[in-house]
2 protein chains.
Amino acid sequence: MDPGLGVWSLMGGFVKIDESLDEAAVRILHSLTGLDNIYMEQLHSYGAVHRDIGGRVISVAYFALINIEDYEEQVLDEHDARWVPLNELPDLIFDHKQMVQDAHQRLRQKVANHPIGFALLPEKFTLPQLLSLYEAIYDAPIDKRNFSRKMLSLGILKKLAEKEKSSSRKGAFFYVFDQEKYEKLSNEGLSFI
Amino acid sequence: MDPGLGVWSLMGGFVKIDESLDEAAVRILHSLTGLDNIYMEQLHSYGAVHRDIGGRVISVAYFALINIEDYEEQVLDEHDARWVPLNELPDLIFDHKQMVQDAHQRLRQKVANHPIGFALLPEKFTLPQLLSLYEAIYDAPIDKRNFSRKMLSLGILKKLAEKEKSSSRKGAFFYVFDQEKYEKLSNEGLSFI
DNA sequence: ACAAAAGTGTTGTCTGTACACCCATGC
DNA sequence: GCATGGGTGTACAGACAACACTTTTGT
């Protein structure tokens with residue numbers, strides 16, 4: 001957002017004296033998007049001396065996983081913010097491109113062992129949607145037969161009777177993530193890909 | 001170090017205006033231990049409002065991997081610092097225990113995919129030493145036959161003719177980490193455990 | 001000769017991967 | 001009836017886990 005001099009930046013703000021880093025991240029995300037209850041995770045702190053030309057600034061970067069259903073209306077209008085596909089990333093100010101790369105890498109690692117990918121999807125999603133999410137994160141094709149066998153074998157997806165019919169004639173069954181089953185299993189550590 | 005009121009803390013210091021976070025970490029490690037060229041990695045930034053009773057302090061935590069040969073002489077004397085085995089960790093000030101737990105967990109993840117474990121060993125080390133290092137990091141026994149087969153199959157260890165004879169009658173062969181071979185292989189991503 | 005740690009192989013099980021066809025439906 | 005995307009099964013290979021005995025040598 002904030003296309004200062006034709007160059008974009010990630011959204012950000014300053015930490016207040018009476019709020020934690022995590023609280024600041026939540027507040028800033030909310031103030032610029034209206035979104036609440038979003039999965040956020042601290043990424044890294046960037047502290048090169050001259051990284052910000054305006055003075056000495058240390059940035060504690062967070063990334064958020066935002067449900068693809070939620071973004072349209074709320075974000076775009078108010079703060080000339082924009083969503084950008086990773087493969088169309090424009091030049092970014094300061095070290096913000098590094099931040100994006102770091103976040104992408106972290107997401108790839110994380111998504112292999114934690115069910116955070118589901119936060120990026122609507123509550124009801126189809127296997128093809130989940131597949132293409134993983135393909136986007138890994139920027140690589142994944143065999144759909146192996147993928148669905150593996151996902152279903154984890155036993156943390158509940159199949160619904162309902163089908164999503166907008167993107168195909170046949171329609172794809174909806175699934176929901178089963179938080180309870182996941183929590184029972186997560187102690188033994190399970191692998192998502 | 002710094003047993004203020006009978007409670008220990010991790011070592012730390014303040015970032016200067018003309019140094020990066022990474023430089024500060026290196027400087028502080030050096031000033032308190034005399035050590036240089038140590039593998040360090042930023043862990044996490046801790047920013048709860050009241051985490052430090054002395055005022056609002058945000059701590060950017062780093063962890064270092066220090067060769068077990070190097071520590072004896074330099075550290076202990078000068079700053080009443082002490083090394084503590086993880087399973088004998090005393091109470092620590094503020095959120096420092098959390099930091100140690102976070103670092104331990106990060107190390108377990110990291111060591112599975114990156115050859116950073118070798119930084120903790122002397123340049124020449126034996127397979128039993130490497131094994132017990134991994135057992136310490138994972139706090140779990142590892143089968144030595146499977147372990148040595150896997151490590152050797154990576155092809156990044158050079159066996160020396162020399163043996164380490166102080167800890168057994170038979171003696172164990174020394175190995176060295178082969179940085180070059182590792183770099184050739186690392187693009188494909190290899191798994192250490 | 002014995003104690004103490006180093007070293008070494010095999011087998012079964014599981015997991016990952018490659019691969020191709022039929023199904024259901026709207027038009 | 002055909003075009004489109006959804007759904008399913010099998011076979012092979014490689015990785016992993018379990019497991020016990022022999023070797024070396026200092027005392």
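Predicted model, so just to flag it, every value in this text is computed and none were measured. All chains are named by letter (A, B, ...) in the order of the sequence lines, taking the proteins before the strands, and each is independently numbered beginning at 1.
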Exercise. Heavy atoms under 4.0 Å, any strand shown: does A/T126 hit a base, just sugar-phosphate, or nothing?
Worked result: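 No contact at all - A/T126 keeps every heavy atom at 4.0 Å or more from the nucleic acid.
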For this session: Select from A/K144 and B/K163 the residue whose nearest nucleotide in DNA chain D is closer to the 5' end of that strand.
Result: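 Its nearest nucleotide being more 5', the pick is A/K144.
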[X] [atom1] - [N] [atom2] separation (whole Å):
X	N	atom1	atom2	answer
B/K165	C/dA6	NZ	C1'	11 Å
B/R145	D/dC21	CZ	C1'	9 Å
B/F192	D/dA15	CZ	C1'	16 Å
A/N146	D/dT8	CG	C1'	12 Å
B/F173	D/dT24	CZ	P	10 Å
B/R169	D/dG26	CZ	P	9 Å
A/M151	C/dT17	CE	P	13 Å
B/Y134	D/dC16	OH	P	13 Å

Taking the side chain of [X] as heavy atoms from C-beta outward, which of [options] is closest to it?
X	options	answer
B/R149	C/dG7, D/dA17, D/dG9	D/dA17
A/L127	C/dG26, D/dG7, D/dA18	D/dG7
B/K150	D/dC16, C/dC19, D/dG7	D/dC16

Exercise. Want to settle it: does B/Q129 or B/D143 sit nearer the 5' end of DNA chain C, counting the closest nucleotide to each?
Worked result: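 The 5'-side residue here is B/Q129.
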For this session: Please work out whether the ring planes of A/Y138 and A/Y134 are parallel, tilted or perpendicular, with thresholds of 30° and 60°.
Result: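 Parallel: the ring planes of A/Y138 and A/Y134 meet at under 30°.
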For this session: Among A/I66, A/L130, A/L133, A/N67, find the one that has a side-chain contact (heavy atoms from CB on, under 4.5 Å) with A/L120.
Result: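 That would be A/L133.
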Exercise. Looking only at N and O atoms, is any donor in the side chain of B/K170 or the base of D/dT23 less than 3.5 Å from an acceptor on the other one?
Worked result: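 Check passes, donor-acceptor contact within cut-off.
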For this session: Inspect the contact between A/R106 and A/E41 and indicate whether a charged nitrogen and a carboxylate oxygen are less than 4.0 angstrom apart.
Result: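 Answer for the salt bridge query: yes.
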Exercise. Taking 4.0 angstrom as the limit, do B/K16 and B/D18 come out as a salt bridge?
Worked result: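 Result for this pair is no, no salt bridge flagged.
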For this session: Kindly state whether the ring of B/Y175 and the ring of B/F125 have centres lying under 6.0 angstrom apart.
Result: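 No; B/F125 has its ring centre 6.0 Å or more from that of B/Y175.
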